[in-house]
Amino acid sequence: MGDGVVGERRQLINVAYRLLGSLAEAEDAVQEAYARWYALPPSRRHEIASPGAWLTTVTGRICLDVLGSSRARRERYVGAWLPDPLPGRAGRPHGTSGDPADQLVLDDSVTMAFLVVLETMTPAERVAFVLHDVFRYPFAEVAGVLDRTPAACKQLAASARRRVRTGAPAPAGGQAETVRRVKEAWEAKDIAALVDLLDPAAVMTADGGGLAGAALRPVEGGPHIARYMAGIAEKAPGLELLERPVNGTPGLVARRAGTVLTVAAFDLAADGRVARIWVIRNPEKLRVWAGDGAPSPR
């Protein structure tokens, strides 16, 4: 049975990351769930018909507690808090490692746009929605996590679903081409070209966590963002821009001397222009990107 329990780790990491938006917090939640499993007397463990369901329930409850307490922590966070960005397989040459990032399935439920909408939900809504709508757990099991009736969990998921519909912009194809053009315009410091690529109502949100320079408030409007980006390009000689998948969709990585300093995720408006840019500069959130390209200096 032990091997089967260990085999649940990948699924649990996938659930916990979508619930928390943080790789470190997801790993901690899963470790805590396993610690509670192994703390059970052997006779109790043998009585549990589905260890995977037990571990999922416990992981979900731990994540619910973390979501409740993280509200206050994120209010104290310097500037905007954004979910941890995930590299694509190309960014992680050592894909066989036990790193939690290597366990993650990159699909529509981990795009930065989707995770940012999840952040607007109450903890209970997020748990109900992620477990039921993303992972297809029946409401009877979700009820065990939230300690509410299945009917109440169904209501929570419905209210979360409304946020997803109103919070997510219309999908648009051609993101790789748009991101490539943004990269070229940024490298050329071509403000006019950037303005053309940005939706007039575009918003750029940066997460430096007080550990790296970043705009503390969102930069709003295509022209303002274009000037901001051109200003950064002026002040950052030697910065190398790379096209890389970020949370499964085309994004950009800025690197200097082999160290990844910035990861940018994008979301497009219906007309194909950039509507949202999420810029992650907090070095604690970029550790998993150390294998991208040149070796990390650490």
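Each residue takes its place number in the sequence, starting with 1.
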Student: Distance from Leu12 atom CG to Gln103 atom CD, nearest 0.5 Å?
Tutor: 10.5 Å

Student: Sorted by first residue and then second, give each ring-ring contact (aromatic ring centres under 6.0 Å, His included) pair with at least one member in residues 47-68; sequence neighbours left out.
Tutor: Trp37-Trp54

Student: Is any side-chain N of the basic residue among Glu27 and Arg9 closer than 4.0 Å to the acidic one's carboxylate O?
Tutor: yes

Student: Please report the shortest heavy-atom distance between Ala124 and Leu64, naming the atom on each side.
Tutor: N-CD1, 3.9 Å

Student: Rounded at 0.5 Å granularity, tell me how far CD in Glu119 sits from OG in Ser70.
Tutor: 7.0 Å

Student: Side chains of His224 and Glu220, heavy atoms from C-beta outward: is any pair under 4.5 Å?
Tutor: no

Student: Find the distance between SG (Cys153) and CD (Glu125) and round it off to the nearest 0.5 Å.
Tutor: 12.0 Å

Student: Indicate if Val195 and Val274 have the same hydrophobic cluster label, given that clusters are the connected sets of ILVMFWY residues with side-chain heavy-atom separations under 4.5 angstrom.
Tutor: no

Student: Leu106 versus Pro245: any side-chain heavy-atom pair under 4.5 Å?
Tutor: no

Student: Looking at CG of Leu67 and CE of Met121, how far apart are the two atoms once the value is rounded to the nearest 0.5 Å?
Tutor: 11.5 Å

Student: Indicate, with yes or no, if Ile277 and Leu216 share a hydrophobic cluster defined by side-chain heavy-atom contacts under 4.5 Å among Ile, Leu, Val, Met, Phe, Trp and Tyr.
Tutor: no

Student: Given side-chain contact (heavy atoms from CB on, under 4.5 Å), test Glu184 with Asp190 step by step and report yes or no.
Tutor: CA-CA 9 Å; Glu184 290 166 356; Asp190 187 337; over 6 Å; no

Student: Any side-chain heavy atom of Phe266 sitting closer than 4.5 Å to one from Arg276?
Tutor: no

Student: Does any N or O in the side chain of Trp289 come within less than 3.5 Å of the main-chain N or O of Val253, such that one atom is a donor and the other an acceptor?
Tutor: no

Student: If only atom types and distance count, is the side chain of Trp186 paired as donor or acceptor with the main-chain N or O of Met229 below 3.5 Å?
Tutor: yes

Student: Quick check: does any side chain N or O of Tyr17 sit under 3.5 Å from a backbone N or O of Asp84, one acting as donor and the other as acceptor?
Tutor: yes

Student: Angle between ring planes, Trp81 versus Tyr77, binned at 30° and 60°: parallel, tilted or perpendicular?
Tutor: perpendicular

Student: Considering all heavy atoms of both residues, which atom of Ala185 and which atom of Leu197 are nearest to each other, and what is their separation?
Tutor: CB-CD1, 4.3 Å

Student: Are any non-hydrogen side-chain atoms of Pro87 and Val246 less than 4.5 angstrom apart?
Tutor: no

Student: Just wondering, do Leu252 and Val263 contact through their side chains at under 4.5 Å, heavy atoms?
Tutor: no

Student: Does Asp28 form a side-chain contact (heavy atoms from CB on, under 4.5 Å) with Ile62? I'd like the steps, not just the answer.
Tutor: CA-CA 9 Å; Asp28 288 347; Ile62 292 165; over 6 Å; no

Student: Would Lys285 and Asp207 pass as an ion pair if we require N to O under 4.0 Å?
Tutor: yes

Student: Taking atom CD1 of Ile48 and atom CZ of Arg45, what is their separation to the nearest 0.5 Å?
Tutor: 8.5 Å

Student: Does the side chain of Glu187 come within less than 4.5 Å of Leu241's, by heavy atoms?
Tutor: yes

Student: Is Val130 close to Leu118 at the side-chain level, that is, under 4.5 Å between some pair of heavy atoms?
Tutor: yes

Student: Look only at the side chain of Asp199 and the backbone of Arg273, and say whether a donor-acceptor pair between them is shorter than 3.5 Å.
Tutor: no

Student: Work out which heavy atom in Ala206 is nearest to a heavy atom in Ala214; give both atom names and the distance.
Tutor: CB-CB, 3.8 Å

Student: Other residues, nucleotides and ligands only: do more than 12 of their heavy atoms fall within 6.0 Å of NZ on Lys183?
Tutor: yes

Student: Would you call Glu240-Arg256 a salt bridge at under 4.0 Å N-O?
Tutor: no

Student: Does the Arg36 side chain pair with the main chain of Val58, one donor and one acceptor, at a distance under 3.5 Å?
Tutor: no

Student: Find the distance between CD1 (Ile225) and CG (Leu194) and round it off to the nearest 0.5 Å.
Tutor: 10.0 Å

Student: Please step through side-chain contact (heavy atoms from CB on, under 4.5 Å) for the pair Leu211 and Glu284, ending with a clear verdict.
Tutor: CA-CA 9 Å; Leu211 302 173; Glu284 292 180 352; 3.7 Å; yes

Student: Applying side-chain hydrogen bond (donor to acceptor under 3.5 Å, both in side chains) as the test, list every pair that has at least one member in residues 59-68; sequence neighbours left out.
Tutor: none

Student: With clusters defined by side-chain heavy atoms of hydrophobic residues (ILVMFWY) lying less than 4.5 Å apart, directly or transitively, does Ile191 cluster with Val279?
Tutor: no

Student: Taking distance alone, no hydrogens or angles, what donor-acceptor pairs closer than 3.5 Å link side-chain atoms of residues 107-115 to residues at least two apart or in another chain?
Tutor:
unit_1	atom_1	unit_2	atom_2	d
Asp107	OD1	Arg18	NH2	3.2
Asp107	OD1	Ser109	N	2.9
Asp107	OD1	Ser109	OG	2.6
Ser109	OG	Arg18	NE	2.7
Thr111	OG1	Asp108	O	3.4
Thr111	OG1	Phe114	N	3.2

Student: Surrounding CZ of Arg181 (heavy atoms of other residues, nucleotides or ligands, distance under 6.0 Å), is the total greater than 12?
Tutor: no

Student: Got a donor-acceptor contact below 3.5 angstrom from the Asn14 side chain to the Val105 backbone?
Tutor: yes

Student: Any side-chain to backbone donor/acceptor pair from Arg255 onto Leu261? Under 3.5 Å, distance only.
Tutor: no

Student: Could you check whether any side-chain heavy atom of Arg148 comes within less than 4.5 Å of a side-chain heavy atom of Leu156, counting everything from C-beta outward?
Tutor: yes

Student: Between Val203 and Val219, is a side-chain contact (heavy atoms from CB on, under 4.5 Å) present by the stated rule, with each step listed?
Tutor: CA-CA 6 Å; Val203 179; Val219 181; over 6 Å; no

Student: Does a sphere of radius 6.0 Å around CD in Gln155 hold more than 12 heavy atoms from other residues, nucleotides or ligands, not counting ones at 6.0 Å or beyond?
Tutor: no

Student: Per the side chain to side chain contact (heavy atoms under 4.5 Å, CB included) rule, which among Val15, Val145, Leu20, Leu131 passes with Cys63?
Tutor: Leu20

